[in-house]
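Only one structure is covered here, and it is reproduced in the block below.
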Amino acid sequence: MQFEITVPNDFNYQECLLFLNRNSDEILYSVNDGSIERLIKVDDQFIAIHVKLMDDVLIISHNGQEALNDQIKKYITHWFDLSRDLSPFYETISKEKSLLPLLNFRGLRIIGIPDLFEALCWTIIGQQINLAFAYKLKARLTTAFGESLKSDGKRLWHFPEPKKLLEISERFREENQFSRSKVKYLMNTAEAFEDGTISLEKLKELQTFQERQDLLTQVKGIGEWSANYALMKTLHQPEAIPFGDTGLTQALFNLGIVEDRKDRPAIEAFFKTVKGWEAYTSFYLWRSLY
DNA sequence: GTCCAGGTCATCG
DNA sequence: CGATGACATGGA
């Protein structure tokens with residue numbers, strides 16, 4: 001099955017691919033010759049999708065029923081944040097001299113994580129270790145507990161369901177170099193999904209950013225950084241700022257926006273100048289690091 | 001060996 | 001409250 005998505009203004013496929021391709025240990029999708037493959041879950045079914053760009057149109061092919069086209073389109077739209085008008089963002093950063101370098105990445109969109117559970121687990125995996133190692137850990141966790149499907153001779157992987165992560169054993173932890181706290185936090189999160197404390201629906205029902213952050217940080221292991229990261233990547237909340245992020249503070253320092261990377265008030269003051277576009281500014285600041 | 005990495009929690013004063 | 005140490009391990 002195949003269908004098309006017309007891309008919006010200010011969409012740069014190459015910039016998005018560059019982000020997707022930043023680590024070769026990524027296991028949840030693959031990028032080859034400008035096309036992307038991924039195993040996604042829609043309507044409780046696992047569907048292998050293939051995305052490429054031709055003449056400003058995204059061509060989506062998949063191995064599911066035609067009836068799923070709408071939901072798959074929704075998934076892609078969320079993943080690449082295609083429904084956002086970025087022109088006000090570029091206006092905003094154009095007014096800040098220190099942010100002009102970010103205009104080089106015009107057309108880059110926040111690459112989302114449509115699955116809330118995956119997003120939260122990814123934040124836990126990434127806490128306090130370097131990204132390269134984090135990708136390795138994610139791959140180990142996924143191949144041990146995730147779902148997979150063979151498509152064109154290649155195995156595609158889907159992040160584990162909450163229930164599966166409750167099976168993590170001490171032996172797995174040791175053999176795969178997870179710290180005790182990471183495993184504890186992952187299982188806390190899995191439990192919160194299993195018992196209904198946290199769900200995407202519940203999160204969406206809450207009206208304010210603060211309420212949403214509070215719900216997520218109820219889980220031991222999800223702190224401010226993790227909650228805000230998930231709100232940025234899964235709910236596309238424009239005001240989400242990953243405070244405490246080392247990459248973010250590094251980028252702010254590099255651009256001469258803060259002198260002291262730990263100066264939280266200075267960082268908060270800076271973000272007031274990009275109000276409504278805090279998440280996008282953060283994402284572009286990360287982009288400025290490579 | 002040292003330092004840091006897309007943090008978080010518990011425990012102080 | 002804000003500060004501080006523990007946690008845990010790969011990679012530069």
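From a predicted model like this one, the values you see are computed outputs, not experimental measurements. Lettering follows sequence order; numbering is per chain, from 1.
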*Indicate, with a heavy-atom threshold strictly under 4.0 Å, whether Trp122(A) touches base, sugar-phosphate, or nothing.*
nothing
*Nearest whole angstrom, please: distance from the C1' of dA5(B) to the CD1 of Ile125(A).*
15 Å
_Nearest-nucleotide comparison on DNA chain B, the residue closer to the 5′ end among Glu224(A) and Ile129(A)_ = Ile129(A)
*Atom CH2 of Trp286(A) to atom P of dA5(B): distance rounded to whole Å?*
15 Å
*Would you mind classifying the nucleic acid contact of Ser226(A) as base, sugar-phosphate or nothing, using non-hydrogen atoms under 4.0 angstrom?*
sugar-phosphate
*Given the rule in the side chain to side chain contact (heavy atoms under 4.5 Å, CB included) test, do Gln250(A) and Leu285(A) qualify, once you have shown the distances and angles that lead to the verdict?*
CA-CA 9 Å; Gln250(A) 182 65 55; Leu285(A) 285 168; over 6 Å; no
*Ile124(A) near the nucleic acid: base, sugar-phosphate alone, or nothing, with a heavy-atom cut-off under 4.0 Å?*
nothing
*asked:* Say we look at dT2(B) and dA8(C): how far apart would their C1' atoms be, to the nearest angstrom?
replied: 16 Å
*Could you state the atom-to-atom distance from NZ of Lys220(A) to P of dT8(B) in whole Å?*
12 Å
*Find the distance Gln127(A):CD to dA5(B):C1' and express it as a whole number of Å.*
12 Å
*Would you classify Lys136(A) as touching base, sugar-phosphate or nothing, given that sugar-phosphate means primed atoms plus P, OP1 and OP2, and contacts are heavy atoms under 4.0 Å?*
sugar-phosphate
*Rounding to a whole Å, what distance do you find between Leu186(A):CG and dG7(B):C1'?*
13 Å
*Considering heavy-atom distances to DNA chain B, does Asp245(A) or Thr217(A) have its closest nucleotide positioned more toward the 5' end?*
Asp245(A)
*Salt bridge check: are Glu161(A) and Lys41(A) linked by an N-O gap of less than 4.0 Å?*
yes
*Mind checking the P distance from dT4(C) to dG6(B)? Whole angstroms is fine.*
24 Å
*For dG5(C) versus dC4(B), give the span between their P atoms, rounded off to a whole number of Å.*
15 Å
*What do you reckon, are the aromatic ring centroids of His78(A) and His236(A) less than 6.0 Å apart?*
yes
*asked:* It should be established whether Thr246(A) places a side-chain nitrogen or oxygen under 4.0 Å from OP1 or OP2 of nucleotide dG7(B).
replied: yes
_Looking only at the aromatic ring of each residue, does the gap between the centers of Phe172(A) and Phe145(A) stay below 6.0 angstrom?_
yes
*Between Phe283(A) and Trp286(A), how do the two ring planes meet: parallel, tilted or perpendicular, split at 30° and 60°?*
perpendicular
*Is Gln128(A) near enough to dA5(B) that one of its side-chain N or O atoms lies under 4.0 angstrom from OP1 or OP2?*
no
_Between Arg171(A) and Glu175(A) (salt bridge meaning N to carboxylate O under 4.0 Å), is one present in this structure?_
yes
*Whole-Å gap separating C1' (dT9(C)) and CG (Asn130(A))*: 9 Å
*asked:* Counting only side-chain heavy atoms from C-beta out, which of dA8(C), dA5(B), dG6(B) sits nearest to Arg261(A)?
replied: dA5(B)
*Could you give the NZ-to-C1' distance, from Lys184(A) to dA8(C), as a whole number of Å?*
12 Å
_Just to be sure I understand the rule, does Val219(A) reach a base, reach only the sugar-phosphate, or reach nothing, if contact means heavy atoms closer than 4.0 Å?_
sugar-phosphate
*asked:* Output the rounded distance in Å from CD (Glu26(A)) to P (dG6(B)).
replied: 15 Å
